[in-house]
Protein chains: 4
Amino acid sequence: MNDSVTQPLVLAGRTFSSRLFTGTGKFSSSAQMEATLLATGTELVTVALKRINALDRQDDLLTHLAHPGIQLLPNTSGVRTAREAVFAAQMAREALETNWLKLEIHPDPKYLLPDPIETLEAAEELVELGFVVLPYVHADPVLCKRLEDVGVAAVMPLGAPIGTNKGLRTLDFLEIIIEQSRVPVVVDAGLGAPSHAAAAMELGADAVLINTALAISGDPVRMAIGFRLAVEAGRLAYEARLAQPSSHAQASSPLTAFLNE
Amino acid sequence: MNDSVTQPLVLAGRTFSSRLFTGTGKFSSSAQMEATLLATGTELVTVALKRINALDRQDDLLTHLAHPGIQLLPNTSGVRTAREAVFAAQMAREALETNWLKLEIHPDPKYLLPDPIETLEAAEELVELGFVVLPYVHADPVLCKRLEDVGVAAVMPLGAPIGTNKGLRTLDFLEIIIEQSRVPVVVDAGLGAPSHAAAAMELGADAVLINTALAISGDPVRMAIGFRLAVEAGRLAYEARLAQPSSHAQASSPLTAFLNE
Amino acid sequence: MNDSVTQPLVLAGRTFSSRLFTGTGKFSSSAQMEATLLATGTELVTVALKRINALDRQDDLLTHLAHPGIQLLPNTSGVRTAREAVFAAQMAREALETNWLKLEIHPDPKYLLPDPIETLEAAEELVELGFVVLPYVHADPVLCKRLEDVGVAAVMPLGAPIGTNKGLRTLDFLEIIIEQSRVPVVVDAGLGAPSHAAAAMELGADAVLINTALAISGDPVRMAIGFRLAVEAGRLAYEARLAQPSSHAQASSPLTAFLNE
Amino acid sequence: MNDSVTQPLVLAGRTFSSRLFTGTGKFSSSAQMEATLLATGTELVTVALKRINALDRQDDLLTHLAHPGIQLLPNTSGVRTAREAVFAAQMAREALETNWLKLEIHPDPKYLLPDPIETLEAAEELVELGFVVLPYVHADPVLCKRLEDVGVAAVMPLGAPIGTNKGLRTLDFLEIIIEQSRVPVVVDAGLGAPSHAAAAMELGADAVLINTALAISGDPVRMAIGFRLAVEAGRLAYEARLAQPSSHAQASSPLTAFLNE
C-alpha cells in the first residue's frame with residue numbers, strides 16, 4: 001500500500017479521492033477560476049444557481065467547470081425560506097441535470113448565517129423529492145443529527161462566518177458533530193488558510209469546502225496547491241493518529257548530563 | 001515556473017529545498033527512524049551528541065542517517081551551562097566532522113526550557129570558534145536579535161514546551177521575531193500536528209523542526225508525509241499571500257434573492 | 001452618580017440590579033446552595049421543575065429559595081420535545097405561581113445541547129400562552145432572531161457545553177447575537193471561572209447564568225463572591241468602554257533615553 | 001473570617017491588601033491619574049524616573065501620588081543597558097527616597113520588549129547595592145528562576161507586548177513560572193480588560209500591574225473599579241479552587257424525563 005494515499009470518501013454512493021470541495025464565487029475571471037479549481041484537484045464544485053444562465057448551455061461559467069472528474073453541486077444561495085429553496089432546487093435539477101444540492105438558506109444579508117428551521121424543513125422535503133441534500137448549517141450538533149434523521153447525504157457545518165477567514169472557531173462543536181455523525185461531515189465556511197483546512201481534517205472531518213481563501217488570495221493557483229496539500233496532510237495525520245497534547249514537557253532528546261559520565 | 005515549487009531556503013550558505021527539519025529522539029528503532037525521516041524529505045537532521053558513539057564509526061544511529069541529501073546537525077542536549085555546551089560542541093565537531101551545531105542549553109529537567117543567558121554566552125564563543133550555530137531559544141524577540149548580532153546562522157524559537165504538541169502558543173512573539181530577523185527563523189519544539197507546522201510557515205517562518213509528533217505517532221511514516229505536505233502547503237500560502245481575516249462576513253456566492261427578479 | 005453602580009437590567013418589565021443569574025443543581029446540600037446563592041447577590045434563580053414537589057409547599061428546595069429579592073425561574077430540563085416542554089411549563093406555572101420560564105429542550109443525554117427546532121416551536125406556543133419565555137439555545141444568531149420575533153423575553157445562548165467550564169468558546173457568534181438582538185442576551189452554560197463571566201459582560205452580554213462552577217468549587221461561597229465581583233467588573237468595563245487591542249506596542253511609560261539628555 | 005477577604009500579599013517584607021499594581025503613563029492629566037489610581041485601591045504605583053523632577057519636590061506628578069497607603073515604585077523605563085539601569089536606579093533612590101525599583105530594560109523602541117541579558121546583569125548588581133528589585137521580563141521560566149537566584153523580590157513577566165491589550169498570550173509559560181517560583185509573580189503588560197486580570201489571578205499570579213487599559217479607557221475611574229473587582233474576583237476563585245474544565249458535558253440540572261414517571 002502507498003503510504004501517501006488516504007482512504008477515499010464515499011458520499012451518497014459516489015467515491016471521491018479528493019476531500020477538498022470548492023466554490024466558484026469571487027474569482028476575478030472564469031479562466032482564473034478554472035485554473036485554480038484544477039490546481040486544487042477538487043472533484044466537487046458548488047455553483048450558485050443564480051449565476052447559471054439556464055437558457056444558454058454555452059454559459060461561460062459552466063463551460064469552465066465541464067471537466068470529467070468534477071461533480072457539480074448547485075447551491076441555493078440567495079434564498080431566504082424553505083419554500084424558495086425547494087423551488088430553486090427544482091430549477092437547478094432541471095438546468096444542470098443533477099439531483100445533488102447544497103442547501104443554503106441564509107436570510108441575514110450581513111453575516112449570511114444559515115437558518116436552522118428553514119433548513120431542516122427544506123431538507124426533509126428535498127430528500128422526499130429525490131435530491132441528494134448537503135445542507136450548510138451552523139455547527140449545531142443537535143441540528144446535524146436531525147438532518148441526518150431526515151436523510152441528508154452529508155452535513156456541512158461552518159467553521160466561522162462565511163468569508164471571515166478566521167478558521168475553526170467552532171472547534172468544540174465540530175468535535176461533537178464528528179463524534180456523533182453517521183453521515184460525512186464537511187466543514188464549510190470560514191477556513192482562510194491551509195493550516196485551518198489541515199486542522200479540520202486532523203479533527204476527523206470527512207472533507208472541507210474552500211472558496212473565499214482561494215479566490216481572493218494574491219496567487220490563487222499556488223494557494224490552491226497549498227490547500228490541496230494541507231487537506232492531504234490533515235487526513236494523513238488523522239489516519240496515522242496524532243500524538244496527544246500533554247501538559248508536561250517530554251524531551252525528544254536524551255537529557256542526561258553526559259559530560260559527567 | 002512550477003507553481004508547486006517554493007523558494008529554497010539558504011542557511012549558512014547551504015541551500016535547502018525542504019523546510020522541514022527533523023530530530024531523531026523517541027523512535028522505537030533506528031530503522032523506523034530512518035524510514036520516517038526519508039518520508040519527510042528532510043535535509044537537516046539533528047542528533048544528540050550523547051547518542052553518538054564517537055569511537056565507533058559503525059554507530060548504528062549514524063549509519064541510518066548516512067544519506068547524501070542529509071546534513072547532520074549535532075545538538076548539545078543535556079548540557080546545563082555555556083561551558084559544557086562549548087566543550088560538547090567541540091566533541092561533536094570532531095566526531096561528526098561538521099561545524100554545524102544546534103545549541104541547546106536547558107538546565108530544567110522538567111520542562112527543558114532553554115537558558116537565555118548561557119545560550120547567548122555560548123553562541124558568542126562558538127561563533128568565534130568557527131561553528132555554524134543554530135540556537136534553540138524561547139520565543140524572545142530581544143534575545144533573537146542579540147543572537148543575530150553575535151553571528152548565529154539562524155534562530156530556533158520554540159512554539160510550545162518540548163514534547164507538549166500544543167502548537168503555536170508563542171504566536172504573538174514569533175510574529176515579531178520573523179518581522180525583525182535578518183537570519184532564518186526555524187520554529188522548534190511543541191509543534192504536534194501538520195496544521196501547526198503549516199501555521200508556522202504561513203506566519204513566515206523559514207523552516208520548522210519536528211521530532212516528537214513523528215516519533216510517537218501511531219504511524220510515523222504516514223505522519224511524516226503529512227508533515228512534509230503541510231510544510232509545503234504553509235510555505236505556498238505564505239508566498240501566495242493569504243487573505244486576511246475579517247470581522248464581517250463576505251459572501252462567496254451572490255446574495256441577491258434571485259427568485260424575486 | 002456612584003461610579004461603581006452599573007445600569008440596571010430590565011427584563012420582561014422587571015428590573016434587576018444583579019446581572020448574575022444562577023442555577024440550583026449539583027450543590028451538596030440545600031443549605032449550601034442557599035448560602036452560595038445569597039453570596040452571589042442573584043435576583044433570578046432557575047430551578048428544575050423535576051426537583052420541585054408540587055404537592056408539598058414546604059418543599060425543602062423552595063424553602064431555601066424563598067427570599068424577597070429572588071425571582072424563581074422554573075426550567076424544563078429533562079424534556080425532549082416541544083410538546084413535553086409546553087406541558088412541563090404549565091405544571092411549573094401552577095406549582096410555582098409564576099409565568100416566567102427557562103425553556104430547555106435537550107434530547108441528547110451526553111452533551112445536553114439544545115434542540116433548535118423544538119425550542120422555537122415551544123417558544124412560540126408558550127408566548128401565546130402568556131409565559132415569559134427565556135430559551136436556552138446554541139449560540140446561533142439566526143435562531144436568536146427568530147426567537148425574538150416570536151416574542152421571547154430574552155435569549156440564553158451557551159458559551160460552551162453545559163458543565164464543561166470551558167468559557168466563551170462561542171465568542172464569535174455571541175458578538176453577532178449581541179449586536180443584533182433587541183431583547184436581553186444572557187450567556188448560559190460553560191462559564192467556569194469569574195474571568196469567563198467578566199469576558200461575557202465585557203462583550204456586552206446583558207447577564208450570565210452560572211451553576212456548575214459554583215456548585216462544584218472547593219468553596220462555593222467564596223466562589224460566589226468571586227463571580228459577583230467579576231460580573232460587576234465586566235459590566236463596568238463595558239460601560240466605561242474598553243481600550244481596543246492593538247498589534248503594535250505602545251509604551252505606557254516615556255521611552256526617551258533620558259540619561260543622554 | 002470574612003469570605004470576601006483574600007490572603008494579603010507579602011512582597012519584600014511589606015504587606016499589600018491590594019493585588020492590583022498600577023502605572024502612571026498616558027493619563028490625560030495628573031488629576032485624572034490620581035482619581036483613577038485611588039479608585040483601583042492600589043498600594044504600589046510605578047513611575048518613570050524620567051518624569052520626576054528630582055530638583056523640585058513640589059513636582060506635580062509626585063504630589064498626586066502622595067497618599068499614605070501608596071508605595072512608590074520608580075522604574076527605569078528608557079534605559080537600554082544594565083549600566084544605564086544601575087545609574088538610573090541610584091538617581092531614583094536618591095530622588096524618591098526608596099530602594100524599591102522596577103527594573104525595565106528595553107532597547108527596542110517599537111515593541112518595548114525587555115532584554116533578558118541586561119536585566120539579569122543589572123538585577124544582580126542592584127540586589128548587591130541594596131535595592132528591592134522587581135524586574136520586568138519576558139514570560140521566560142528559566143530567566144525567572146535565575147533572577148530569583150540572584151535575589152530579586154518578585155518577577156514581573158509580561159502577558160502580551162506592552163500596550164497591546166491582548167491579554168494572557170503567554171499563558172502556558174506563566175503557568176510554569178507560577179508553579180516554579182519562590183518569589184511573588186506579578187503579571188505585567190498586555191492586560192487590557194478586567195477579564196484578563198481575573199484570568200491571571202485565577203492562574204495563581206500574586207498580583208497584576210495595569211496601566212494602559214486604565215489610562216486610555218473611555219472612563220478611567222469606572223474602569224479602575226472594574227479592574228479592582230476583577231482582581232479580587234480572580235484571587236477569590238484561586239483561593240476557593242476552580243472547577244476544572246472537562247471535555248464531557250455534565251448537567252447542572254437533573255436529566256430524567258420526568259414526564260414519564
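To find a chain, count down the sequence lines: A is the first, B the second, and so on, and within it residues start at 1.
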Among the listed options Asp140(B), Leu120(B), Leu113(B), the residue most often paired with chain D at heavy-atom distances under 4.5 Å =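 Of the options given, most contacts go to Asp140(B).
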Proximity breakdown for [X] and chain B, heavy-atom pairs closer than 4.5 Å:
X         : value
Glu121(D) : neither
Ile117(D) : both
Pro114(D) : backbone

Between atom OG1 of Thr170(B) and atom CZ of Arg169(D), what is the distance when rounded to the nearest 0.5 Å?
->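 Rounded to the nearest 0.5 Å, the OG1-CZ separation comes to 12.0 Å.
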Roughly how far apart are Glu179(B) CD and Tyr111(D) OH, rounded to 0.5 Å?
->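 Taking CD in Glu179(B) and OH in Tyr111(D), the distance rounds to 3.0 Å.
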Can you find a heavy atom in the side chain of Leu158(D) that is under 4.5 Å from one in the side chain of Phe173(B)?
->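 Contact flag for Leu158(D)/Phe173(B) side chains = yes.
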Heavy-atom donor-acceptor pair, His138(D) side chain to Ala139(B) backbone, under 3.5 Å =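 Such a contact is found between His138(D) side chain and Ala139(B) backbone.
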Are more than 12 heavy atoms from other residues, nucleotides or ligands located less than 6.0 Å from atom OH of Tyr136(D)?
->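 For Tyr136(D), atom OH is crowded (more than 12 foreign heavy atoms under 6.0 Å).
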Do other residues, nucleotides or ligands put more than 12 heavy atoms under 6.0 Å from Phe131(B) CZ?
->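 Above 12, so yes.
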Side chain, backbone, both or neither: which part of Asp172(B) has a heavy atom under 4.5 Å from chain D?
->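 Answer is side chain: those atoms of Asp172(B) sit under 4.5 Å from chain D.
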Carefully, step by step, assess Asp108(D) and Gln180(B) under the rule side-chain contact (heavy atoms from CB on, under 4.5 Å).
-> CA-CA 11 Å; Asp108(D) 162 33; Gln180(B) 295 183 336; 3.6 Å; yes
Looking only at heavy atoms, which of residues 141-151 of chain B get nearer than 4.5 Å to chain D?
->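 From residues 141-151 of chain B, the residues near chain D are Pro141(B), Val142(B), Leu143(B), Arg146(B).
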